[in-house]
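For reference, the structure discussed in these notes is given below.
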Amino acid sequence: MDREIPFRFEVTNSASELLSEHSGLSEGESSGVTVSVAGRLMLRRDQGKIVFGVLQDSTARIQLFASEKNTPDYEFFSNLHLGDWLGVTGEVIRTKRGEISVRVDSWVCLAEAKRSFPDKWHGISDTDIRYRQRYVDLWVTEESRKTFITRSRILSFIRSWLDSKGFMEVETPVFHPIPGGAAARPFDTHHNALDVDLFLRIAPELYLKRLVVGGFEKVYEMARVFRNEGISTRHNPEFTMLELYEAYADYEDIMRLVEEMVSELALEVCGSTKIEYDGRELDLSPPWERSSMLDLLSQKIDKEINIQTPIEELRELCKEHSVPFEDHYGPGKLILELYEKTTEPELWGPIYVTDYPEEVSPLSRAHRSIPGMVERFEAIVAGRELCNAFSEVIDPDDQRSRFNAQEKSRDAGDEEAMVVDEDYLRALEYGLPPTGGLGIGIDRLVMLLTDTQAIRDVILFPTLRPEQE
RNA sequence: GCGCCUCUAGCUCAAUUGGCAGAGCAACAGACUCUUAAUCUGCAGGUUCUGGGUUCAAGUCCCAGGGGGCGUACCA
C-alpha cells in the first residue's frame with residue numbers, strides 16, 4: 001500500500017483541547033464543529049461498517065469514529081496498522097456510548113509504522129528495549145512520557161526562577177585542558193588541528209568562578225558533565241548538573257536559596273511541598289534542618305570527634321566500624337569516610353550537613369571560626385546527597401596551597417585528586433569577591449520529584465553498551 | 001571491577017523429574033453499524049542469545065562467551 005505522504009498537515013486542536021472543550025456534548029450529539037487532529041493510531045476496533053480508532057497525540061488520546069458512509073477510503077482506514085500516524089479532519093461528536101470522538105470525514109496517513117507496535121495492553125516490560133528504543137517507550141509507557149514532561153518543567157522552572165532572582169545563564173567549555181572542579185576521573189579526547197589532549201569536563205566550577213572574576217555577579221549553568229566511572233541506578237556517565245555562583249554571598253545564603261528554590265519547585269511540579277519518595281514522606285518546606293557533620297558523626301558513634309582528634313584514634317574508629325581506609329588518608333579524609341559510612345546512610349532529610357574538613361574540600365573557604373574545617377554543606381534529601389555547596393576560596397595563595405596538597409595526594413595514589421590550574425590561580429589574583437557556590441545533580445532532583453528509583457528513568461537516552469549485530 | 005539473577009515468536013508470557021516448543025496481543029485472510037485491551041472464524045509466525053559438552057533425547061543439566069537487571073566498589 002503505497003500512499004502519498006503530504007509535506008504538512010494543518011492541526012487545529014490538540015486531543016486534550018478537544019476533550020475539554022466538548023465535554024458538554026451529550027450522548028449521540030454532534031457539535032457542529034469541524035477540527036483537524038494528528039497523532040498515532042494506538043487502538044482500532046473494527047465493527048464492520050464502522051470502525052473506532054484511538055488517536056494519541058502529545059497531549060491525550062481521543063477516539064476516532066469512522067464509518068463506511070462518512071469516511072473516504074474506508075477500506076484503507078479500517079486496515080491501518082497500530083502505530084500509524086494520521087491526520088484526521090471531521091466533526092467532534094459524542095458517540096451513543098458516550099465517548100467524545102472525531103468523526104473521520106477526511107484523513108491522511110502521515111507515516112506508516114512498518115514495525116509492529118508492542119502489545120497494546122502490556123506495553124514493554126523489558127527495560128533494555130525501553131531504554132534503547134525510547135521512541136517506542138514514550139508511546140506505550142505512560143509514566144515514562146510523564147516523567148520526561150516533568151523533567152522539562154523542572155528545568156524551565158529552575159531557569160525562570162533563577163532568572164527572576166537576577167542570575168544569568170552562561171555556557172562554558174565542555175573541553176577542558178585540565179579537568180577541574182571536582183574529584184572524578186575524566187574522559188579524554190584529542191583535538192587534531194591543535195594537536196592537544198583535552199578532557200570532557202567533570203564540572204564547570206572553575207570557569208564559572210572565572211566569570212565572577214569577570215564581573216558577572218550571579219551566574220549559573222545547566223551543565224552536562226562527564227565522569228568516567230561506573231554505571232548504576234544512581235550514576236550515568238554523562239549527567240546534568242546545575243552550578244551557580246553568587247558574588248557577595250556565603251554558604252548560608254546558598255542554603256536559603258536551595259531550600260527556597262527546591263520547595264517552590266516541588267509546589268510547582270508536584271502541587272505540594274510534602275511529597276513521597278519510595279513510599280516515604282518528605283516535607284520540603286523551609287527551613288531545612290541544619291547540623292554540622294562533626295556533631296552528627298560524634299552523636300552517631302557516641303564519641304566526641306573533631307579535626308584535632310589524633311589520627312591513630314581515627315584509624316581505630318574506622319577499624320571499629322569496618323570503614324576501609326588507606327595509609328595516606330589524613331584526619332579529614334578519615335573523618336569524611338567515617339561519616340559517609342556510618343552516619344549519612346541513616347539520614348533522610350531534608351537536612352543540611354554543614355562544615356567539612358579542609359583536606360577533602362580543596363575549593364571551599366576555611367571556616368570563619370572552626371580551624372581545619374571549611375564552610376561547606378551538602379543537603380541530604382530522601383537519603384541522598386542532593387547538592388554540594390560552599391563559600392568559595394577567594395585567596396589565590398590559599399587556593400595554590402590547596403592545589404599543592406591535592407598534588408601530593410595524587411602522588412600518593414589518589415587518581416581523582418585535582419591538578420593545579422595556573423590560569424584559574426591567575427584569575428583569582430585579579431580578585432574574586434566573597435562568593436557562594438552551589439552544585440545540584442539535576443537528574444537526581446528529577447528522580448526525587450518524579451519518585452523514580454533509577455537514573456535511567458529520567459535520562460531519555462542513558463548510556464548503554466552498543467547493540468551488537 | 002566483583003557477586004547474584006536473567007535471556008523462548010514483533011510484544012507479553014507458558015512449557016511437569018531432561019521426552020514432539022505453546023498461548024494472548026500484533027500481523028495476514030474473513031464476519032460484524034456504537035466499540036472501549038471489542039468479539040468471533042481461519043492462517044502464518046522460532047538458530048529457545050551464541051559456541052561447545054553430557055545424554056538415546058537439552059528451552060531445561062554442565063562449561064565458555066555475549067546482552068540485560070540488581071547488589072557492591074569508585075562517585076554525584
Side-chain angles (χ1 to χ4, degrees), chain A residues 27-28 41-54 61-71 74 78-84 93-101 103 113-133 136-137 139-141 181-186 202-203 205 223 225-243 324 326 336-337 340-341 344 378-381 384-389 414-416 439-445 447-448 453-456 462 464-469:
Chain A
E27 290 168 10
L41 185 68
M42 299 304 285
L43 298 171
R44 200 192 61 224
R45 296 180 283 276
D46 204 332
Q47 279 289 306
K49 294 200 170 82
I50 60 172
V51 52
F52 299 93
V54 172
R61 289 181 167 200
I62 191 164
Q63 181 166 274
L64 303 176
F65 177 92
S67 67
E68 199 173 34
K69 200 166 60 184
N70 289 301
T71 304
Y74 178 78
S78 61
N79 279 313
L80 287 168
H81 290 172
L82 300 190
D84 284 347
I93 61 171
R94 194 189 279 276
T95 59
K96 288 179 195 167
R97 291 298 193 86
E99 192 76 20
I100 292 174
S101 309
R103 195 180 62 211
K114 292 186 173 167
R115 290 173 183 265
S116 46
F117 251 49
D119 188 289
K120 62 190 178 187
W121 182 247
H122 297 97
I124 309 174
S125 62
D126 186 334
T127 51
D128 188 41
I129 299 176
R130 292 190 45 216
Y131 300 141
R132 289 187 195 277
Q133 302 186 33
V136 182
D137 178 50
W139 284 100
V140 302
T141 313
R185 217 163 293 171
I202 54 176
E205 171 149 357
V225 298
F226 308 86
R227 298 190 183 177
N228 207 339
E229 287 155 359
I231 295 176
S232 76
T233 45
R234 284 172 283 282
H235 300 84
N236 197 63
E238 53 177 308
F239 63 101
T240 304
M241 201 158 77
L242 166 68
E243 282 204 8
E326 292 174 31
L336 183 70
E337 290 296 316
E340 284 183 348
K341 297 292 187 300
E344 193 181 89
E378 291 187 356
I380 302 294
V381 181
R384 298 195 186 142
E385 202 180 299
L386 178 74
C387 71
N388 186 18
D414 182 358
E415 285 182 60
E416 296 178 343
I440 295 188
I442 291 295
D443 311 274
R444 291 183 179 179
L445 178 63
M447 287 168 69
L448 178 73
Q453 317 304 320
I455 198 167
R456 286 175 167 180
L464 300 173
R465 198 178 295 273
E467 276 182 285
Q468 302 199 325
E469 286 304 313

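Every chain is numbered from 1, with letters handed out A, B, ... down the list of sequences. None of these values were measured; they are calculated from a predicted model.
- Comparing B/G68, B/A26, B/C74 by their closest approach to the side chain of A/K341 singles out B/C74.
- A heavy-atom distance below 4.5 Å is found between the side chains of A/V54 and A/R45.
- Heavy atoms of A/N228 sit nowhere under 4.0 angstrom from any nucleic acid atom.
- With RNA chain B read from its 5' end, the first of the two nearest nucleotides for A/W121 and A/S67 is the one closest to A/S67.
- Taking all atoms of both residues into account, the shortest heavy-atom contact from A/N388 to A/E378 is OD1-CG, 3.7 Å.
- In this structure, the side chain of A/E243 engages the main chain of A/E205 through a donor-acceptor pair within 3.5 Å.
- Of all nucleotides listed (B/C34, B/C74, B/G68), B/C74 comes nearest to the side chain of A/E416.
- Across the protein-nucleic acid pair, A/E337 atom CD and B/A73 atom P stand 11 Å apart, rounded to whole Å.
- Rounded to an integer number of Å, the gap from A/R94 CZ to B/C34 C1' is 14 Å.
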When you check every protein heavy atom under 4.0 Å of nucleotides 10-15 of chain B, what one-letter string (B, S, -) results, 5' to 3'?
SBSS--
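- If you check every strand for non-hydrogen atoms under 4.0 Å, A/R115 touches nothing.
- The distance between atom CZ of A/R103 and atom P of B/C34, rounded to the nearest whole Å, is 17 Å.
- Annotation: of the two residues near RNA chain B, A/G48 and A/P324, the 5′-most nearest-nucleotide partner is A/G48.
- Put simply, the side chain of A/S67 gets close to the backbone of A/N70: a donor and an acceptor are under 3.5 Å apart.
- If you take atom P in B/U17 and the same atom in B/U60, they sit 15 Å apart, rounded to whole Å.
- In this structure, A/E385 reaches the sugar-phosphate backbone alone: every heavy-atom distance under 4.0 Å involves primed, P, OP1 or OP2 atoms, never a base.
- Using P as the reference atom, B/U48 and B/G52 are 13 Å apart when rounded to the nearest Å.
- A straight line from CD of A/Q63 to P of B/A38 spans 10 Å, rounded to a whole angstrom.
- To the nearest angstrom, P of B/G67 lies 4 Å from CZ of A/R465.
- The side chain of A/R132 contributes an N or O atom lying less than 4.0 Å from OP1 or OP2 of B/G68.
- Atom name P, nucleotides B/C5 and B/C63: the rounded distance is 11 Å, in whole Å.
- The CG atom of A/D46 sits 10 Å away from the C1' atom of B/A38 (whole-angstrom rounding).
- Contact annotation: A/T233 reaches the phosphate of B/G71 (side-chain N/O to OP1 or OP2, under 4.0 Å).
- Using modelled atom types, no side-chain atom of A/D46 and backbone atom of A/V51 make a donor-acceptor pair closer than 3.5 Å.
- Taking the side chain as every heavy atom from C-beta outward, A/V136 and A/R115 never approach each other to under 4.5 Å.
- One interatomic measurement links the two molecules: CZ of A/R234 to C1' of B/A73, which rounds to 13 Å at whole-angstrom precision.
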Kindly indicate, with the supporting measurements, whether the criterion side-chain contact (heavy atoms from CB on, under 4.5 Å) is fulfilled by A/I124 and A/Q133.
CA-CA 10 Å; A/I124 309 174; A/Q133 302 186 33; 5.9 Å; no
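- Taking the C1' atoms as reference points, B/A73 lies 8 Å from B/C2, given to the whole Å.
- Only the C1' atoms considered, B/G53 is 28 Å distant from B/A14, to the nearest whole Å.
- Here the separation of B/U8 from B/U55, taken at their C1' atoms, is 22 Å to the nearest Å.
- Between A/E27 and A/G98, the shortest heavy-atom distance links the atoms CG-CA, 3.7 Å.
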Dot-bracket pairing map - RNA chain B, Watson-Crick plus G-U, both contacts under 3.5 Å, | cross-strand
(((((((..((((.....[..))))..((((.......))))......(((((..]....))))))))))))....
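- Taking only side-chain nitrogens and oxygens, A/K120 never comes nearer than 4.0 Å to OP1 or OP2 of B/A37.
- Below the 3.5 angstrom threshold, one finds no donor paired with an acceptor across the side chain of A/Q47 and the base of B/U33.
- Taking atom P in both B/G24 and B/C34, the straight-line distance is 26 Å, to the nearest Å.
- The backbone N or O of A/R234 sits less than 3.5 Å from a side-chain atom of A/S232, completing a donor-acceptor pair.
- Spacing of P atoms, B/U72 relative to B/G10, comes out at 36 Å, to the nearest Å.
- Rounded to whole Å, atom C1' of B/U33 lies 8 Å from atom NZ of A/K96.
- If you take CE on A/M42 and CG on A/L64, they are separated by 12.5 Å, rounding to the nearest 0.5 Å.
- The minimum heavy-atom distance between A/A182 and A/I202, with the atom names listed, is O-CD1, 3.3 Å.
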